[in-house]
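What follows is one structure encoded as structure tokens, with my remarks underneath.
In this text, all values refer to a predicted model and were calculated from it rather than measured experimentally. Sequential numbering from 1 along the given sequence is applied to the chain's residues.
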Amino acid sequence: MANLAGGPTAGTVKGEQSVMNVMNRQELLEMAQSELDRQNTFRCRLLICASTPCISSGALAVEDAMRKAVEAEGLQTEIEMVGTGCLGPCSRGPLVTVQVQEEPDVIYERVTVELAPQILAKHLKGASVPELDARMLSYDWPFFAKQKKLVLSESSTLNPERIESYVARGGYMALGQVLREMTPEEVCAEVAKSGLRGRGGAGFPTGLKWDMVRKAPGERKYVVANGDEGDPGAYMDRTLMESDPQRVLEGMAIAGFAVGAEQGFIYVRGEYPLAAKRLEKAIRQAERRGLLGSRILDSKFNFRIDIRMGAGAFVCGEETALMQSIMGRRGQPVPRPPYPANRGLWGGPTLINNVETFGNIICIILKGADYYASFGTDKSKGAKIFALAGKVNNTGLIEVPIGITLREIVYEIGGGIRDCRPFKAAQTGGPSGGCIPAEHLDAQMDYETLQKLGSIMGSGGLIVMDDQSCMPDVARFFMEFCMDESCGKCGPCRGGTVQMHRILSKITNGSAIMEDLDTLEDLCLLVKETSLCGLGNTCPNPVYSTLRYFREEYESHIKDHYCPAGVCQFTEKPLRSA
């Protein structure tokens with residue numbers, strides 16, 4: 001990886017400086033047109049999803065089979081094969097999109113090695129392939145139609161490993177506009193006007209945070225993109241970094257200009273090797289083109305970005321622990337104030353945003369704050385990416401307007417509950433979130449509404465459960481995760497999570513008594529109010545919410561030794577049968 005360790009000194013990969021160029025706006029436009037002209041020389045383009053879910057389903061083998069079929073037919077000059085980012089319906093991979101000039105795009109799901117050559121036969125020779133017809137996905141399908149893609153708008157059509165592909169779709173035009181037409185104050189004001197809130201979980205107003213860092217005194221400032229996504233089942237950040245890495249880099253560069261920083265860091269979860277690889281390649285390509293580094297787009301603005309790899313600690317998603325890790329120290333949170341905006345990396349003012357937050361910046365600059373603010377609710381603007389998982393028919397990555405109802409996500413985008421079972425609850429916000437019951441299916445998915453329901457937006461994890469899910473067991477699972485991931489620095493989190501997990505385990509194995517529920521609630525309050533960082537402050541949420549909405553299920557476990565969902569195996573003989 002490029003500069004994975006070291007101090008605050010910015011640096012270009014050895015050997016890169018000699019090939020760096022200073023690019024102006026006209027040259028950027030020429031690059032975009034050249035790439036579009038190149039793409040138009042092909043009669044057909046085959047877009048194969050090359051994100052992690054599709055790769056795990058066999059996308060690379062499908063791509064290889066298609067390449068061999070193209071070569072066998074001698075069609076290399078007529079057909080281009082492109083490995084793209086995520087299309088969305090991850091459970092239906094491998095996914096292949098066929099683009100033929102002057103014809104609508106066609107998407108195929110669950111493409112196999114055997115079917116790969118048949119795609120060519122159908123679209124280039126007019127052959128009838130009934131099995132392929134059965135695997136077509138329509139853009140009218142609610143999974144696609146109900147979404148509003150602002151950040152992921154290009155992820156399924158561009159090649160994440162070619163900067164020319166990004167530039168051809170408007171890449172770096174926002175940065176050029178900022179450097180040419182705006183002041184740092186105006187950039188911060190535009191972001192504030194858009195209503196964008198941090199997508200990492202807390203929902204802090206992004207424009208306000210940027211302006212705080214801009215105004216903070218300090219000779220050296222930093223911009224950090226938090227890609228240390230650790231929630232079980234969540235992969236929003238990974239997908240964005242894999243699918244559209246240049247978008248993240250451009251958003252960070254705009255932030256650097258706005259706050260007065262010349263150095264950026266992307267903190268990538270250690271379990272995301274493909275994301276790190278593509279980000280590294282994207283950084284090198286941008287440096288070669290003069291879109292990162294010195295005198296960007298023939299301006300006086302300098303900005304460099306380095307990658308830092310996490311070591312797998314969930315707590316490093318917390319901003320102060322993340323900064324400690326970047327500086328080569330043990331990843332543990334530290335008390336605030338001072339806040340990073342005033343004193344962060346190596347004592348300098350530091351802007352920390354989630355990678356999805358940076359992904360939104362391009363839309364705000366190019367289309368305007370008013371356009372962006374036209375989506376969402378009064379207090380929560382724009383769209384949000386969710387990793388839709390659990391007992392729904394259509395799982396995958398979705399980007400929807402903030403304020404959409406949970407019912408729309410589950411029953412329209414998600415296609416309803418598997419096997420037509422009843423909806424029981426949805427867990428939002430990962431191990432720090434809460435469970436929303438069926439009575440609130442029509443609740444809006446925005447920061448304020450979810451907080452009132454005892455949950456949080458979080459980074460975007462969304463797990464749907466049916467009537468076969470045991471809520472005390474769900475709470476125990478998430479508490480076990482938090483217990484294991486606690487850094488141990490503060491007593492309330494270190495000991496409180498262990499004690500809460502013990503009580504939840506007693507409830508699910510039949511050895512608890514009713515007084516344990518009171519103790520559990522007291523522990524939740526203690527840990528929430530006295531822990532040092534966000535992990536301890538929010539880890540009681542799954543317990544709180546399940547006790548609030550499913551208390552009778554807890555009591556059934558304790559009083560009757562009976563699990564309504566049939567999940568828990570009791571150590572004592574049940575008092576009544578299921």
Looking at every heavy atom in both Cys487 and Pro333, which two are closest together, and how far apart are they?
SG-CD, 3.6 Å
Let me know which of Glu229, Arg238, Glu242 forms a side chain to side chain donor-acceptor pair (under 3.5 Å) with Tyr272.
Glu229
Backbone of Ser34 reached by a side-chain donor or acceptor of Arg38 within 3.5 Å
no
Nearest heavy-atom approach of Thr239 to Cys86 is CG2-CB, 3.3 Å
Using distance alone, with no hydrogens and no angle criterion, decide if Ser432 and Thr538 have a side-chain donor and acceptor under 3.5 Å apart.
yes
What I want to check is whether the side chains of Ser455 and Thr428 have a donor and an acceptor closer together than 3.5 Å.
yes
With Ser531, the side chain to side chain contact (heavy atoms under 4.5 Å, CB included) member among Ser486, Cys539, Cys490:
Cys490
Side chain of Ser165, backbone of Asn159: donor and acceptor closer than 3.5 Å?
yes
Parallel, tilted or perpendicular, as decided by the 30° and 60° cut-offs, for the rings of Phe303 and Phe301:
parallel
Side chains of Ser294 and Arg304: do they bring a donor and an acceptor to under 3.5 Å?
yes
Using modelled atom types and a 3.5 Å cut-off, is there a donor and acceptor pairing between side-chain atoms of Gln263 and backbone atoms of Val223?
no
Ignoring hydrogens and geometry beyond distance, is a side-chain donor-acceptor pair present between Gln451 and Thr449 at under 3.5 Å?
no
Is the ring pair Phe358/Trp210 parallel, tilted or perpendicular, if the boundaries are 30 and 60 degrees?
tilted
Ser374 side chain to Tyr371 backbone, donor-acceptor under 3.5 Å:
yes
Would you kindly say whether Tyr267 and Ser325 are connected by a side-chain donor-acceptor distance under 3.5 Å?
yes
As a quick check of understanding, evaluate salt bridge (Lys or Arg N to Asp or Glu O under 4.0 Å) for Glu154 and Lys149, giving each step before the final call.
CA-CA 9 Å; Glu154 307 295 343; Lys149 293 192 175 183; over 6 Å; no
Are the charged groups of Arg220 and Glu262 less than 4.0 angstrom apart, N to O?
no
Using the six-membered ring wherever Trp is involved, compare the ring planes of Trp346 and Phe265 and label them parallel, tilted or perpendicular (cut-offs 30° and 60°).
tilted
Which heavy-atom pair separates Ala341 from Ala216 by the least distance, and what is that distance?
O-CB, 3.3 Å
Answer yes or no: is there a donor N or O on one side and an acceptor on the other, between the side chain of Gln246 and the main chain of Ile163, under 3.5 Å?
no
Test item: side-chain donor near acceptor, Gln39 and Glu35, under 3.5 Å
yes
Where do Arg278 and Glu161 land on the salt bridge (Lys or Arg N to Asp or Glu O under 4.0 Å) test, with the steps shown first?
CA-CA 6 Å; Arg278 289 180 177 171; Glu161 300 193 18; 3.3 Å; yes
If only atom types and distance count, is the side chain of Thr357 paired as donor or acceptor with the main-chain N or O of Arg199 below 3.5 Å?
yes
Report yes if some heavy atom in the side chain of Leu87 is under 4.5 Å from a heavy atom in the side chain of Thr97; otherwise report no.
yes
Looking at side-chain heavy atoms only, is the closest gap between Arg289 and Met31 below 4.5 Å?
yes
Any donor-acceptor pair under 3.5 Å linking the side-chain atoms of Asn360 with those of Glu356?
no
Carboxylate-amine/guanidinium contact Glu448 Lys452, below 4.0 Å:
no
Student check: side-chain heavy atoms of Met173 and Gln177 closer than 4.5 Å:
no
Is the closest side-chain donor-acceptor distance between Asn226 and Asn353 under 3.5 Å?
no
Face-on cation placement of Arg247 at Tyr166 ring, 6.0 Å and 45° thresholds
no
Pair Asp370 + Lys193: basic N to acidic O under 4.0 Å:
yes
Taking 4.0 angstrom as the limit, do Arg214 and Glu185 come out as a salt bridge?
yes
Identify the heavy atoms of Pro94 and Cys54 that sit nearest to each other, and give their distance.
CA-SG, 4.0 Å
Honestly, is Lys384 close enough over Phe386, meaning NZ or CZ under 6.0 Å from the six-membered ring centre and within 45° of the axis?
yes
Closest heavy-atom contact between Ala275 and Met241?
CB-CB, 3.8 Å
Do any N or O atoms from the side chain of Glu27 and from the backbone of Asn24 form a donor-acceptor pair under 3.5 angstrom?
yes
